[in-house]
J.: 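Got a structure here, written out as structure tokens. Questions coming.
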Amino acid sequence: MTGLILHQLIAAELFPLHNVTAAAINYKAIGIAAAVVGIVGLLIGILLGAAGKLLFVPVDEREIAVRELLPGNNCGGCGFPGCDGLAKAIANGEAPAGQCPVAPAEAKAQIAELMGQSLEEGVRQTAFVKCSGTCDKAEYKYNYYGLQDCRKLALIPGHGQKQCESGCMGYGSCVKECQFDAIHIVNGVAVVDKERCVACGKCVSVCPNHLIELVPYDAKCLVGCSSQEKGKAVKDACAAGCLGCGLCAKLCESGAITMENNLPRIDFEKCTGCGLCAEKCVQKSIVRR
């Protein structure tokens with residue numbers, strides 16, 4: 001080690017000019033590299049700035065303003081891909097100002113004013129689960145202790161533990177999907193709180209048995225059954241299932257009830273809400289609310 005250090009000292013004494021030149025060359029190389037990097041960065045900045053101007057897509061200021069008035073839930077209840085999609089549709093005149101089912105009335109009025117439209121008041125809707133097969137009324141085939149997801153269980157033969165394969169499974173896929181805490185499982189059946197429901201329709205699309213539908217908020221009588229089986233088969237499966245007897249249709253004085261596939265169908269525009277159908281229904285399949 002001592003010899004190596006001594007050799008370096010002698011080399012420095014004998015060739016001082018060579019060492020100085022090497023150092024100078026290194027500094028020069030560093031300076032050149034720095035200059036090249038700086039020039040390249042400048043050119044990239046200029047090119048990006050030019051590309052930004054050439055590729056600039058003009059945005060409708062009204063679209064931005066409408067988007068700010070929408071709630072941002074991105075629930076899809078409007079029929080468009082999120083609030084951005086709806087804002088663009090409204091700005092382009094492809095959707096009415098009141099299309100968002102979640103936005104409050106004040107926001108809808110502001111959107112209508114912004115777009116120069118008259119706000120059309122639609123009929124308020126709410127989701128309704130067409131099943132009354134609670135734990136005390138539905139018959140069970142077996143006890144299920146698996147994954148709590150109706151969509152997964154629908155893939156299994158038998159559609160869950162209840163005897164009725166058309167009814168609510170009660171595993172809460174709709175509850176998980178609802179952003180507004182408007183659905184809860186009560187005694188084995190999904191129940192909608194119509195005061196919280198904004199009729200976004202996400203629960204409708206997620207139910208594998210297609211039990212949930214949007215109905216008028218003011219509807220007084222609703223059919224709480226979806227089984228299309230005939231009388232005895234329904235009665236053996238659920239004490240609240242519709243027997244398809246047609247008595248409700250015969251008693252309805254306003255002609256609001258017709259029978260279809262062993263189930264009553266209520267025309268809400270004709271229904272007067274007298275409640276006679278619910279009162280006389282043997283199975284209590286028609287419910288009042």
J.: Test question: given the 4.5 Å side-chain rule for I, L, V, M, F, W and Y, name all other residues clustered with Leu276, or answer none.
T.: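 Grouped by the 4.5 Å side-chain rule, Leu247, Leu251 form the rest of the cluster around Leu276.
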J.: Testing the basics here: between Cys164 and Ala237, what is the closest heavy-atom pair and its distance to 0.1 Å?
T.: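 That would be N-CB, 3.9 Å.
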J.: Roughly how far, to the nearest 0.5 Å, is NZ of Lys202 from SG of Cys178?
T.: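 Going from the SG atom of Cys178 to the NZ atom of Lys202 covers 9.5 Å.
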J.: For the CG atom of Leu155 and the SG atom of Cys150, what is their distance to the nearest 0.5 Å?
T.: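 Between Leu155 CG and Cys150 SG, I get 11.5 Å after rounding to 0.5 Å.
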J.: Mind checking side chain to side chain donor-acceptor pair (under 3.5 Å) for His210 and listing every partner two or more places apart, or none if nothing turns up?
T.: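 By the side chain to side chain donor-acceptor pair (under 3.5 Å) rule, His210 matches no residue at all.
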J.: For Phe128, which residues count as a ring pair (Phe, Tyr, Trp, His ring centres under 6.0 Å) partner, sequence neighbours excluded?
T.: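 Once residues adjacent in sequence are excluded, Phe128 has no partner under the ring pair (Phe, Tyr, Trp, His ring centres under 6.0 Å) criterion.
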J.: Can you confirm whether Glu195 is buried at CD, in the sense that more than 12 heavy atoms of other residues, nucleotides or ligands lie under 6.0 Å from that atom?
T.: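 Enclosed.
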J.: When rounded to the nearest 0.5 angstrom, what is the spacing between CG in Leu147 and CG in Leu153?
T.: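 These two atoms lie 8.5 Å from each other.
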J.: So, do Arg151 and Val206 sit near enough that their side-chain heavy atoms are less than 4.5 Å apart?
T.: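 Counting from C-beta outward, Arg151 and Val206 do come under 4.5 Å.
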J.: Can you confirm whether Glu113 is buried at CD, in the sense that more than 12 heavy atoms of other residues, nucleotides or ligands lie under 6.0 Å from that atom?
T.: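 At most 12 heavy atoms, drawn from other residues, nucleotides or ligands, come within 6.0 Å of this atom.
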J.: Identify the heavy atoms of Tyr171 and Gln161 that sit nearest to each other, and give their distance.
T.: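 That closest heavy-atom pairing would be OH-NE2, 3.1 Å.
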J.: Between atom SG of Cys131 and atom CG of Leu211, what is the distance when rounded to the nearest 0.5 Å?
T.: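 Going from SG on Cys131 over to CG on Leu211, the span is 6.0 Å.
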J.: Drop me the distance from Cys100's SG to Leu69's CG, to the nearest 0.5 angstrom.
T.: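 Between Cys100 SG and Leu69 CG, I get 10.5 Å after rounding to 0.5 Å.
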J.: Return the minimal non-hydrogen interatomic distance between Gly231 and Leu243, and the atom names on each side.
T.: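 Between these two residues, the closest heavy atoms are O-CD2, 3.4 Å.
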J.: For Cys174 and Ala190, work out which heavy atoms get closest and say how close.
T.: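 Heavy-atom minimum between the residues: SG-CB, 3.7 Å.
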J.: To the nearest 0.5 Å, how far apart are CD1 in Ile90 and CZ in Arg62?
T.: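 The CZ atom of Arg62 is 11.0 Å from CD1 of Ile90, to the nearest 0.5 Å.
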J.: Dump the intermediate steps for side chain to side chain contact (heavy atoms under 4.5 Å, CB included) on Val129 and Val192, then the final yes or no.
T.: CA-CA 7 Å; Val129 182; Val192 178; 3.9 Å; yes
J.: Would a 4.5 Å heavy-atom cut-off, applied to side chains only, mark Val189 and Lys162 as touching?
T.: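 Answer yes - side chains close enough.
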J.: Are any side-chain N or O atoms of Ser285 and backbone N or O atoms of Gly224, one a donor and one an acceptor, separated by less than 3.5 Å?
T.: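 No: the side chain of Ser285 does not pair with the backbone of Gly224.
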J.: Would you say that Cys245 contacts Val282 through its side chain, given a criterion of any heavy-atom pair below 4.5 Å between the two side chains?
T.: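 Result no, sub-4.5 Å side-chain heavy-atom pair not found.
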J.: Return the set of residues passing ring pair (Phe, Tyr, Trp, His ring centres under 6.0 Å) with Phe80 (not counting sequence neighbours), or none when no residue passes.
T.: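 Testing Phe80 for ring pair (Phe, Tyr, Trp, His ring centres under 6.0 Å), a comparison that skips the adjacent residues, returns none.
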J.: Taking Ser132 as the fixed residue, which of Val287, Ile286, Val223 is the one that meets the side-chain contact (heavy atoms from CB on, under 4.5 Å) rule?
T.: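 Exactly one pass, corresponding to Val287.
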J.: Are Cys238 and Gln163 side-chain neighbours, meaning at least one heavy-atom pair lies under 4.5 Å?
T.: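 They are not in side-chain contact.
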J.: Give the minimum heavy-atom separation between Val102 and Cys75, together with the two atoms involved.
T.: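 What the structure gives for the nearest pair is CG2-SG, 3.7 Å.
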J.: Would you say Glu229 has more than 12 foreign heavy atoms packed within less than 6.0 Å of its CD?
T.: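 12 or below, so no.
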J.: Counting neighbours of NZ on Lys88 that are heavy atoms of other residues, nucleotides or ligands and sit closer than 6.0 Å, is the number greater than 12?
T.: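 No, because the 6.0 Å sphere around NZ of Lys88 holds 12 heavy atoms or fewer from other groups.
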J.: Is the backbone N or O of Ala199 less than 3.5 Å from a side-chain atom of Gln125, with the two atoms forming a donor-acceptor pair by type?
T.: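 Side chain of Gln125 to backbone of Ala199: no pair is present.
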J.: Can a donor-acceptor pair be found, under 3.5 Å and without considering hydrogens, that links the side chain of Asn262 to the backbone of Gln228?
T.: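 Checked: pair present.
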J.: With a 4.5 Å limit on heavy-atom distance, are the side chains of Ser226 and Asn209 in contact?
T.: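 Result no, sub-4.5 Å side-chain heavy-atom pair not found.
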J.: The test is side chain to side chain contact (heavy atoms under 4.5 Å, CB included); show your working for Gln283 and Cys242 and say whether it passes.
T.: CA-CA 6 Å; Gln283 296 287 96; Cys242 176; over 6 Å; no
J.: Applying side-chain contact (heavy atoms from CB on, under 4.5 Å), can you list everything that pairs with Cys252, at least two apart in sequence or on another chain?
T.: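 Only Ser254, Ala256, Ile257 meet the side-chain contact (heavy atoms from CB on, under 4.5 Å) criterion with Cys252.
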J.: Could you tell me whether Lys235 atom NZ has more than 12 heavy atoms of other residues or ligands within 6.0 Å of it?
T.: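 No, NZ of Lys235 has 12 or fewer neighbouring heavy atoms, counting only those of other groups under 6.0 Å.
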J.: Out of curiosity, does Met169 fall in the hydrophobic cluster containing Val191 (side-chain heavy atoms, cut-off under 4.5 Å, transitive links)?
T.: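 Hydrophobic grouping puts Val191 apart from Met169.
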J.: With sequence neighbours left out, write down each residue that passes side-chain contact (heavy atoms from CB on, under 4.5 Å) with Pro216, or none if nothing qualifies.
T.: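 By the side-chain contact (heavy atoms from CB on, under 4.5 Å) rule, Pro216 matches Val123, Ala219, Phe268.
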J.: Just by distance, do the side chain of Arg288 and the backbone of Gly273 share a donor-acceptor pair under 3.5 Å?
T.: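 Indeed, once roles are kept as given, a pair shorter than 3.5 Å links the two residues.
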J.: What heavy-atom pair brings Ala87 and Val66 nearest, and what distance separates the two atoms?
T.: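 Here Ala87 and Val66 meet closest at CA-CG1, 3.9 Å.
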J.: Surrounding NZ of Lys250 (heavy atoms of other residues, nucleotides or ligands, distance under 6.0 Å), is the total greater than 12?
T.: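 No, NZ of Lys250 has 12 or fewer neighbouring heavy atoms, counting only those of other groups under 6.0 Å.
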J.: A side-chain contact here means heavy atoms from C-beta on lying under 4.5 Å apart; do Asp236 and Glu139 qualify?
T.: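 No, their side chains stay 4.5 Å or more apart.
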J.: Is Glu165 close to Lys141 at the side-chain level, that is, under 4.5 Å between some pair of heavy atoms?
T.: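 Yes, at least one pair of side-chain atoms sits under 4.5 Å.
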J.: Does Arg289 reach the side chain of Thr126, with side-chain heavy atoms less than 4.5 Å apart?
T.: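 Counting from C-beta outward, Arg289 and Thr126 do come under 4.5 Å.
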J.: Count I, L, V, M, F, W, Y as connected when their side-chain heavy atoms are under 4.5 Å apart, and connections chain through other members. Are Tyr140 and Tyr145 then in the same cluster?
T.: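 In one cluster: no.
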